[in-house]
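Notes follow the structure.
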Amino acid sequence: MDAANRPEERKTPDDRQKMTELERIRHSCAHVLATAILRLWPDAQFAAGPPVENGFYYDVELSHRISPEDFPKIEEEMKKEIKANHPFEKIVVAREQAVKDAQSGRLGALGARSVPSRYKLGNLEDIPEGEQITYYQNGDFIDLCAGPHVMRTGNIGAFKLTHVASAYYKGDEKNPQLQRIYGTAFKNKTQLDEYFKMLEEAKRRDHRKIGAEMGLFVIDTEYVGPGLPLWLPKGAAIVEELEKLAKETEFAAGYVRVKTPHLAKEKMYLTSGHLPYYEESMFPPMRLQAEGKLNVTIQGYESQMDALKQEMAEELKKSLPDEVPPIHSQKDFVEFVGNFFRSFPREKQMAFDALSKVILFNEVGMAGAGEVDRYYLKAMNCPHHHRIFAAEPRSYRDLPLRLAEYGTCYRYEQSGELIGLMRVRSLNMNDAHIYCAPEQFASEFNAVNEMYLKYFKIFGIEKYVMRFSTSSPQGMGKKYVNEPELWKKTEDMVRQVLIDSKINYVEVPNEAAFYGPKIDVQAWSVIGREFSIATNQVDFAQPRSFDLRYKDRDNTEKTPICIHRAPLGTHERFIGFLIEHYAGNFPLWLSPEQVRILTIGDEPELLDYARAILNELRGHQVRAEIDISTDKINGKIQRAEQMKVHTMFVIGKRDLEAKVISVRVHGRGNLGATPRDEVISTLLEQIKTRAA
RNA sequence: GCCAGCGUAGCUCAGUGGUAGAGCAACGGUUUUGUAAACCGUCGGUCGUCGGUUCAAUCCCGACCGCUGGCUCCA
């Protein structure tokens with residue numbers, strides 16, 4: 001993220017000087033990229049070119065569409081610039097001079113040009129009065145830039161352009177879209193190669209690829225819809241195991257489970273405050289027609305129809321009966337309108353009839369006629385849980401009340417946002433809402449954090465950070481519910497818990513949820529890729545909006561604080577993460593197929609022995625299968641290994657005679673033969689303890 | 001939603017302005033096995049959808065749908 005593009009996050013010159021050596025190399029490489037592009041396309045207009053997490057980019061406006069096929073010749077020019085070993089010279093200028101140079105097209109350019117450097121002009125405007133304005137020059141290329149850079153272009157050890165994307169100028173979708181050229185650079189070739197090796201590994205572990213190979217899930221865009229994954233039996237097995245883990249953990253921690261429907265009336269989300277904030281990312285409402293008159297429908301219809309339709313509307317309006325029978329469905333509606341049209345000449349009757357069927361219902365819908373109930377698919381579970389809280393009178397003795405549910409939510413994510421399981425439109429949340437008194441907050445919140453850490457341990461997540469998102473004064477009443485004192489109080493409480501628990505966290509201002517501060521949990525998979533796994537929030541706003549109360553010791557009614565928490569996030573994203581984390585090689589307890597019995601030969605006694613083992617395993621809820629096909633044992637092993645079956649029991653005549661099982665573990669090979677009972681009891685123990 | 005690239009069998013991929021192939025998988029046989037692929041055969045595609053250009057389109061053009069990479073968004 002280019003912080004320089006966001007006024008509220010503008011880096012100070014001091015911050016910039018903290019750039020690491022690697023960031024300087026990359027930032028300098030961005031300048032070299034611009035230099036090269038200008039040699040090829042002198043009219044290029046540059047915007048911003050910062051270092052980013054894995055490299056750098058430069059945003060450029062250019063009539064030529066740069067594609068990866070252009071990379072070799074751009075890289076060729078870049079190499080020349082690096083070989084020339086020009087120094088990066090810092091030049092301090094007065095604002096007037098900078099404006100003048102930008103207008104003459106000199107900034108982000110190799111020389112003066114006929115058109116101004118328009119984006120550089122825009123960048124200049126963002127530099128506050130009093131801050132030093134500097135250029136950096138390498139060879140002929142002069143750029144408005146706060147630096148810092150490496151000493152000379154030759155200090156850029158190894159680089160490569162990686163991809164092209166588009167980006168809005170200053171990240172604002174109202175601004176023009178620029179071409180963003182991405183690249184990466186390292187001190188030397190070895191490190192560059194390692195980086196690309198890591199990318200290869202990530203690609204190999206891609207959850208979409210492994211998910212398909214292992215038969216975990218499919219996304220049936222034609223019949224179900226994009227972003228609506230179907231869990232296949234093997235994927236559902238993982239879902240079930242995660243739920244089991246969550247349910248056990250939450251039960252032990254004093255949670256109670258609830259179950260709520262997938263939709264609710266509009267009133268729910270007006271009350272919660274979600275509708276005004278998030279309407280566009282909720283699925284559009286379903287409208288349930290109540291009894292009533294049709295005249296409102298006709299009005300809505302008039303406004304958008306052409307002449308014939310107008311005519312029909314006039315006719316309808318003129319002679320519509322006062323009393324309209326109840327209409328609950330399209331069938332009712334068509335029937336009613338059909339009867340009504342009988343009084344017209346046949347030709348008109350048919351035209352009206354067809355129109356009414358096709359257009360009136362489909363386009364205008366039944367909205368507006370009489371009272372309409374609008375139902376929304378839930379995009380979050382909290383309001384339903386609030387209503388459960390409200391369902392019974394509550395006393396301080398009931399608190400903390402921890403309502404947990406694996407609730408299915410639906411969010412209308414923008415089409416361009418959908419990514420495999422990582423970003424979906426239907427999601428199963430490991431959700432719970434903790435209603436507590438203010439004095440209980442610290443211990444409850446701390447217990448939630450402890451739960452996170454417990455899970456990290458189970459899944460071998462070693463690197464994580466809690467992003468503590470807080471409000472901002474300027475967002476009060478707009479982005480955030482207008483309760484400045486409550487915000488401060490809550491944020492202070494959360495911060496204190498984080499500090500006391502010595503948990504690894506960073507504070508990020510102005511990114512809170514609208515109803516309270518939140519914590520996003522970022523975790524890194526074993527190959528070092530970052531995932532936003534879970535989020536939990538402190539909510540002082542919704543309990544008020546829903547007028548939730550409990551009777552306190554002193555016989556007064558008080559509003560509880562609500563903690564939203566979802567340590568395992570959603571099944572979709574969490575399993576997506578786990579697939580990449582484990583490269584599909586799940587630990588035994590999570591493995592979709594825990595055991596496959598492979599027989600050598602098909603003598604009846606041998607098959608009986610193998611089947612008895614299968615039955616015993618399944619009796620203990622082990623996900624076991626048997627392969628009694630006539631393939632050679634090597635073929636059976638090959639297929640089981642490819643499917644990443646965790647444990648293979650190879651059963652041949654020798655095993656039958658000695659009452660043993662030859663065990664082979666995926667990725668570890670043949671472990672030899674062990675007495676049957678011992679093998680099974682060890683296996684059961686490993687599953688039970690969720691051993692890695 | 002925006003920009004760009006892509007869309008051929010269940011999967012991995014060839015291929016052409018004259019209506020398509022391979023390997024694996026699946027299915028049917030034969031084979032009877034000791035730690036990563038036994039053999040033979042069969043089935044399988046309106047080349048994403050719709051429209052246009054053309055005597056002729058899977059191929060060229062357009063729109064739409066979807067996917068991928070970014071941007072914006074993320075309760």
Side-chain angles (χ1 to χ4, degrees), chain A residues 1-2 5 52 57 59 65-69 162-182 206 208-209 212-213 215 218-222 225-227 269 272-275 277-282 378-383 409 411-420 422-423 427 429 431 469 511-516 518 520 532 535-537 539 541-542 564 566 573 598-603 606 628-642 648-655 662-673:
Chain A
M1 180 59 46
D2 179 19
N5 277 344
V52 286
Y57 65 78
D59 285 345
R65 286 265 157 224
I66 294 179
S67 79
E69 279 137 48
T162 51
H163 55 286
V164 201
S166 84
Y168 300 105
Y169 178 51
K170 294 188 186 180
D172 186 337
E173 58 187 320
K174 291 192 239 8
N175 286 337
Q177 276 199 319
L178 308 172
Q179 302 187 60
R180 178 167 289 184
I181 320 294
Y182 279 92
D206 191 309
R208 291 166 295 203
K209 186 173 177 295
E213 285 165 0
V218 290
I219 297 180
D220 177 356
T221 57
E222 192 183 354
Y269 304 108
S272 71
H274 287 98
L275 260 182
Y277 284 93
Y278 296 109
E279 180 165 24
E280 61 189 37
S281 39
M282 291 176 74
K378 66 179 175 184
M380 70 300 293
N381 301 304
C382 38
C409 299
R411 296 181 181 181
Y412 191 73
E413 301 287 358
Q414 299 181 81
S415 59
E417 292 303 334
L418 304 172
I419 312 166
M422 291 301 173
R423 200 71 184 270
L427 24 118
M429 291 181 78
D431 216 353
S469 300
E511 284 193 12
F514 73 87
Y515 49 64
K518 68 171 178 178
D520 290 305
S532 293
T535 161
N536 58 325
Q537 288 106 24
D539 181 357
Q542 285 194 63
H564 306 233
R573 186 173 290 187
L598 313 176
T599 52
I600 305 173
D602 58 359
E603 294 78 19
L606 184 75
I628 53 165
S629 68
T630 60
D631 290 291
K632 293 247 192 300
I633 188 62
N634 278 344
K636 294 184 186 188
I637 288 170
Q638 168 94 10
R639 263 183 292 133
E641 289 281 357
Q642 277 172 347
M648 286 148 273
F649 286 179
V650 178
I651 307 289
K653 206 180 275 170
R654 301 207 295 257
D655 304 282
S662 294
V663 178
R664 181 187 169 98
V665 172
H666 174 59
R668 285 207 279 153
N670 186 4
L671 303 186

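Naming: A, B, ... by sequence-line order, numbering from 1 per chain.
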At less than 3.5 Å, do the side-chain atoms of [X] and the base atoms of [N] form a donor-acceptor pair?
X      : N     : answer
A:S281 : B:A75 : yes
A:R180 : B:C71 : no
A:E603 : B:U32 : no
A:Y168 : B:G1  : yes
A:E417 : B:C2  : no
A:N634 : B:U35 : no

Selected nucleotide, minimal atom distance to [X] side chain, candidates [options]:
X      : options             : answer
A:I600 : B:A36, B:U72, B:U33 : B:U33
A:S166 : B:U35, B:G1, B:C3   : B:C3
A:R423 : B:G70, B:A37, B:C73 : B:C73
A:R208 : B:U68, B:C67, B:C73 : B:U68
A:T630 : B:U33, B:C71, B:A75 : B:U33
A:T221 : B:G1, B:C67, B:U35  : B:C67
A:S415 : B:G1, B:G70, B:A75  : B:G1
A:Q642 : B:A36, B:U35, B:G69 : B:A36
A:K632 : B:A75, B:A38, B:G1  : B:A38
A:R654 : B:G34, B:U35, B:G69 : B:G34

May I ask you to say what [X] touches in the nucleic acid, namely base, sugar-phosphate or nothing, with a heavy-atom cut-off under 4.0 Å?
X      : answer
A:F514 : nothing
A:L598 : nothing
A:G420 : sugar-phosphate
A:S272 : nothing
A:Y277 : nothing
A:A513 : sugar-phosphate

Can you measure [X] atom [atom1] to [N] atom [atom2] for me and round it to whole angstrom units?
X      : N     : atom1 : atom2 : answer
A:R639 : B:U35 : CZ    : C1'   : 14 Å
A:L671 : B:A36 : CG    : P     : 13 Å
A:K636 : B:A36 : NZ    : C1'   : 15 Å
A:D631 : B:U35 : CG    : P     : 16 Å
A:K653 : B:U33 : NZ    : P     : 7 Å
A:L275 : B:A75 : CG    : C1'   : 12 Å
A:L418 : B:G1  : CG    : C1'   : 11 Å
A:Y412 : B:A75 : OH    : P     : 19 Å

## Note on the structure
Residues A:T535 and A:K518: closest non-hydrogen pair is OG1-CD, 4.2 Å
### Task
State, to 0.1 Å, how close A:V650 and A:I633 come at their nearest heavy-atom pair, and which atoms those are.
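Closest approach of A:V650 to A:I633, heavy atoms only: CG1-CD1, 4.0 Å.
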### Task
Please check if atom OH in A:Y412 has more than 12 non-hydrogen atoms from other residues, nucleotides or ligands closer than 6.0 Å.
no
### Residues A:S662, A:R654; criterion side-chain contact (heavy atoms from CB on, under 4.5 Å); working and verdict
CA-CA 9 Å; A:S662 294; A:R654 301 207 295 257; over 6 Å; no
### A:K518 vs A:H163, nearer the 5' end of RNA chain B by closest nucleotide
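On the 5' side of the pair lies A:H163.
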## Note on the structure
By nearest-nucleotide position on RNA chain B, the 5'-leaning member of A:G416 and A:D655 is A:G416
### Message
Quick check, does A:Y278 stack with B:A75? I mean ring centres under 5.5 Å and planes off by under 30°.
### Response
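A:Y278 vs B:A75: stacking yes.
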### Check ion pair A:E641-A:R664 (N to O, under 4.0 angstrom)
yes
#### Entry: Basic-acidic side-chain contact under 4.0 Å: A:D59, A:R180
yes
### Message
Please report the distance separating the C1' of B:A9 from the corresponding atom of B:G15, rounded so that it comes out in whole Å.
### Response
15 Å
